[in-house]
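Atoms considered below: every heavy atom in the structure, side chains included; atoms not considered: hydrogens, waters and symmetry mates.
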Amino acid sequence: MASGRKDFLSQQAPENYVAGLGRGATGFTTRSDLGPAREGPTPEQIQAALNKRAQQLGAAAPTAYGNQSREKGGKEDEKEEDDERFQDPENEVGLFAYGQFDQEDDEADRIYQEVDEKMDRRRKARREAREKLEEEDYNRKNPKIQQQFADLKRTLASVSEEDWANLPEVGDLTGKNRREKQNLRQRFYAVPDSVIAGARDSAQYDTSVADDGTQPDGGDGEADGTMTNFADIGAARDKVLKVRLDQAALGSSADTSSGSATNIDPKGYLTSLTQSEVKAGEVEVGDIKRVRTLLESVTKTNPKHAPGWIALARLEELAGRIVAARNLIAKGCELCPKSEDAWLENIRLNEGHNAKVIAANAIKNNDRSTRLWTEAMKLETDTRAKKNVLRQAILHIPQSVQIWKEAVNLEEDPADARLLLAKAVEMIPLSVELWLALARLETPDAAQKVLNAARKAVPTSYEIWIAAARLQEQMGTFAKVNVMKRAIQALARENAMLKREEWITEAEKCEAEGAVLTCGGIIQETLGWGLDEDDDRKDIWMDDAKSSIARGRYETARAIYAYALRVFVNRRSIWLAAADLERNHGTKEALWQVLEKAVEACPRSEELWLQLAKEKWQSGEIDDARRVLGRAFNQNPNNEDIWLAAVKLEADAQQTDQARELLATARREAGTDRVWVKSVAFERQLGNTDDALDLVNQGLQLFPKADKLWMIKGQLYEAQNKFPQAREAYGTGTRACSKSVALWLLASRLEEKAGAVVRARSVLDRARLAVPKSAELWTESVRVERRANNIAQAKVLMARAIQEVPTSGLLWSESIWHLEPRAQRKARSLEAIKKVENDPILFITVARIFWGERRLDKAMTWFEKAIVADSDYGDGWAWYYKFLMQHGTEEKRSDVVSKCVSMEPKHGEIWQSIAKDPTNAYRSTEEILKLVANTIS
């Protein structure tokens, strides 16, 4: 059937349609479109339009002169009507009523209305947001009481029952303020002195007998007859200082780098725990009654709450009422039959009486409780009875790993245990622990099959793969099959890989149990897991190795270094760390092997060559050491360190002519100031003063800024008592090397040795101007005054020095030990420790103070702190050795000597003066240590 709707081209065009407007065309009107001119609307047409408009508005039909319903009045009424009409812009009547309203006007009105509504909504949102912010700001500045305590009310949820029980009783506060006001209004009268004196005398105890019948005199004390005991006050003050120093010692013993860590004495902590045990005799009766009342209310309010019954029973047990405790826990089990804790508490309280009956009742109500079955098994004394209980438990809870483990532990025959474990893994195939236990009981071949079955049952278990690797190591086939590589691939497929740190922990466990090859395999396959080339892998691996060494896992650290050296084969620092590990915790052959590989990988590193030569030489392999140095010469020609090492080797071997020849060749080919200094020192050690002076003059012509050459020259003249020549050498040296503190000190000591204290002061004054922040120069200035018995000036200089260099342990030590009275030393030590961090000289001073007070444990603690703070400080080792010579064991002394020899300290005021002495040139570190210990005082 045809539709009555017109086609598109036949339809009427929409209003305001302009053809081609979408393409940019514009409409226009011509005269022909307007047509001939015609007259406007007639008054009748106008009136009809007005009536129609008024009808739409619901008002009376207006006329051309006003409203028809209005009575014709005076001009004043019409004027008032016109004013009201024009004041309302929406009242389109009168003059504005002549317009013709069509759909375009309605559309415009609608659009304007929508715009107004949208703007109103936008303003409304902004206005509401602003009002909300203002309200929040007002509430924040003027909070209600309820809001102020909201957080406290929330925290009440975390208050434990014990805290609730410890709430104090509320006293009677009724009328408290009224009573206080009444007390304030009361009148008080002055009490006579006689009453006060009588009250005082009535409380005194007379402990002396007076011959003349009079009371004993109060002495020269206070007005009330009491005496001030200054000795007690001093003792209390010393005690406080000791406590603070002890706290400082404990604070830095845990972390010697910072000196501020917290450490807990395990012995003292356990002692304090023992002393804080609550005993029935120490509990107050009032406390027990108050807690009993509270717990009774808990059990009455919620009788199904098992912890309340347990707490009440334990309270009665604490009070010594064991029968009441048993009755209460029995009632609790009756009301809470499904509570394991309640039944276990009941069994514990009735142990030795009817505990087995209680356990049977508990299992009836909780037949799937592993803890109850285990406790019932423990109550039996016969092994067969224990096994029967566990068999019943397995029937009820066959999926309990704990029950199976207890059953296996009861079997004495390995074959029976193996059968039980086979059944257990069949019942619980996902238990890795049972699989591993079964594998441990099997023979190696059978264990391999068991582990394969376990791996298929639990493909995400890394423990099974580690056990397989350890089995291969046990069978001697670890090198044939790389189990850990397959393990990593399988675990990665299953997304069950551990973190790198966790693998290192597993490797350390294997090392602790003796599986060294498995440990190395784990490290080799997992150390780089999760690390990219962009990461700082070298530092990460070095930190891992250091952590393992700190935990005593040296094989793990050795494997980490080996892996790191495969990745960074030319890194000298890793080779040095690996060699240090072998030196401290390995064998001599392993150390030689590591160093041989190191010099092959880093042939330009003279440090590695020197270490290898030194290790060969110390082992007595002089020829091997020479060959090593020869190879080092080929790889590093004209290297002064290698030249000097060769000279030292020949000199220690008493090959004087060869050492002298090497030095001459070194001066020609590697003529540095250090080579010249060693050449002069070598001739000086041999006693060839003229040759040494000749060499030092030649060296100064080449290196006039070498302060050590000036110092040796002055010392050579000083040894011959040629003070003018020595003074000239030191003076010229200080002008050429004005920043050399050691040179200034030698010049000052020469003047003091010659008896010219004034000139010594002058030298030190000029030295402090050249080097203003030098603690050594300030200390020497103070010592000059002190040795001249000018203590007042020494204290003035010390005050200026500490103000200039407040963080110098040397200055504080000098002040404490030589310028402070004995009673003030400990207080000054505490002040110094607060200002100076981790200074070994100050630690030695504190240790000597404790040593003088016979507090040997504290002294030893501070000596060890000084050594840990700076192991290169030789004076610290000497003081510690001297202390151990008086108060230590032979084992401790030998341990300190061996550690000192391994550390080879080279610094220290007394240490350097003895070690640099030409007469001690060929002495060992142990001999120098003993010499310094005998010298210091």
Looking at every non-hydrogen atom in both residues, tell me the closest pair between [X] and [Y] and how far apart they are.
X: E525; Y: N482; answer: OE2-ND2, 3.2 Å
X: A490; Y: W465; answer: CB-CZ2, 3.6 Å
X: A439; Y: A447; answer: O-CB, 3.3 Å
X: I394; Y: W404; answer: CG2-CZ2, 3.6 Å
X: L379; Y: A359; answer: CD1-CB, 3.9 Å
X: C602; Y: V569; answer: SG-O, 4.4 Å

Exercise. Listed by chain and number, what are the side-chain hydrogen bond (donor to acceptor under 3.5 Å, both in side chains) partners of T374, not counting sequence neighbours?
Worked result: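 Partners of T374 by the side-chain hydrogen bond (donor to acceptor under 3.5 Å, both in side chains) criterion come out as none, since no residue qualifies.
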Problem set entry | Listed partners of K616 passing side-chain hydrogen bond (donor to acceptor under 3.5 Å, both in side chains), at least two apart |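 With neighbours one apart ignored, the set is empty.
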Exercise. If you measure from CG on D536 to CH2 on W541, what distance do you get to the nearest 0.5 Å?
Worked result: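 Rounded to the nearest 0.5 Å, the CG-CH2 separation comes out at 10.5 Å.
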Give every residue pair that meets the salt bridge (charged side-chain N to carboxylate O under 4.0 Å, His left out) criterion with at least one member in [range], sequence neighbours excluded.
range: residues 568-586; result: R558-E582, R572-E607, D580-R583, R583-E615
range: residues 372-384; result: K356-E380
range: residues 503-516; result: R470-E513, E506-K509, E508-R551

Exercise. Where do S619 and E621 land on the side-chain hydrogen bond (donor to acceptor under 3.5 Å, both in side chains) test, with the steps shown first?
Worked result: CA-CA 6 Å; S619 300; E621 304 290 339; over 6 Å; no
Testing the 3.5 Å rule here: is there a donor-acceptor pair between the side chains of [X] and [Y]?
X: N634; Y: R631; value: no
X: E494; Y: T460; value: no
X: T477; Y: Q472; value: yes

Find out whether [X] and [Y] are in side-chain contact, i.e. whether some heavy atom of one side chain is under 4.5 Å from a heavy atom of the other.
X: R626; Y: W617; value: no
X: V594; Y: L581; value: no
X: V599; Y: S605; value: no
X: W373; Y: H396; value: yes

Among residues at least two apart in sequence or on other chains, which ones pass salt bridge (Lys or Arg N to Asp or Glu O under 4.0 Å) with [X]?
X: R500; value: D544
X: K614; value: E904
X: E406; value: none
X: R893; value: E890

For this session: Using the test side-chain contact (heavy atoms from CB on, under 4.5 Å), find all partners of D543 that sit at least two apart in sequence or belong to another chain.
Result: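 Here no residue qualifies.
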For this session: Please collect all side-chain hydrogen bond (donor to acceptor under 3.5 Å, both in side chains) contacts where either partner lies in residues 422-436, sequence neighbours excluded, each pair once.
Result: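 Residue pairs with at least one partner in residues 422-436: K405-E433.
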For this session: Indicate the ring-plane relationship of W503 and Y462, choosing parallel, tilted or perpendicular according to the 30° and 60° boundaries.
Result: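 The arrangement is perpendicular - the two ring planes meet at more than 60°.
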For this session: Please lay out, stage by stage, how E340 and S369 fare under the test side-chain hydrogen bond (donor to acceptor under 3.5 Å, both in side chains).
Result: CA-CA 7 Å; E340 294 181 3; S369 173; 2.8 Å; yes
For this session: Tell me whether the centres of the aromatic rings in Y873 and H907 are closer together than 6.0 Å.
Result: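 Ring centres of H907 and Y873 not closer than 6.0 Å.
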For this session: State which residues pass ring-ring contact (aromatic ring centres under 6.0 Å, His included) with Y880; sequence neighbours excluded, sorted by chain then number.
Result: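 Expected list: F863.
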Exercise. Under the 6.0 Å and 45° cation-pi test, does K538 pair with F568?
Worked result: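 The answer is no, since K538 fails at least one limit relative to F568.
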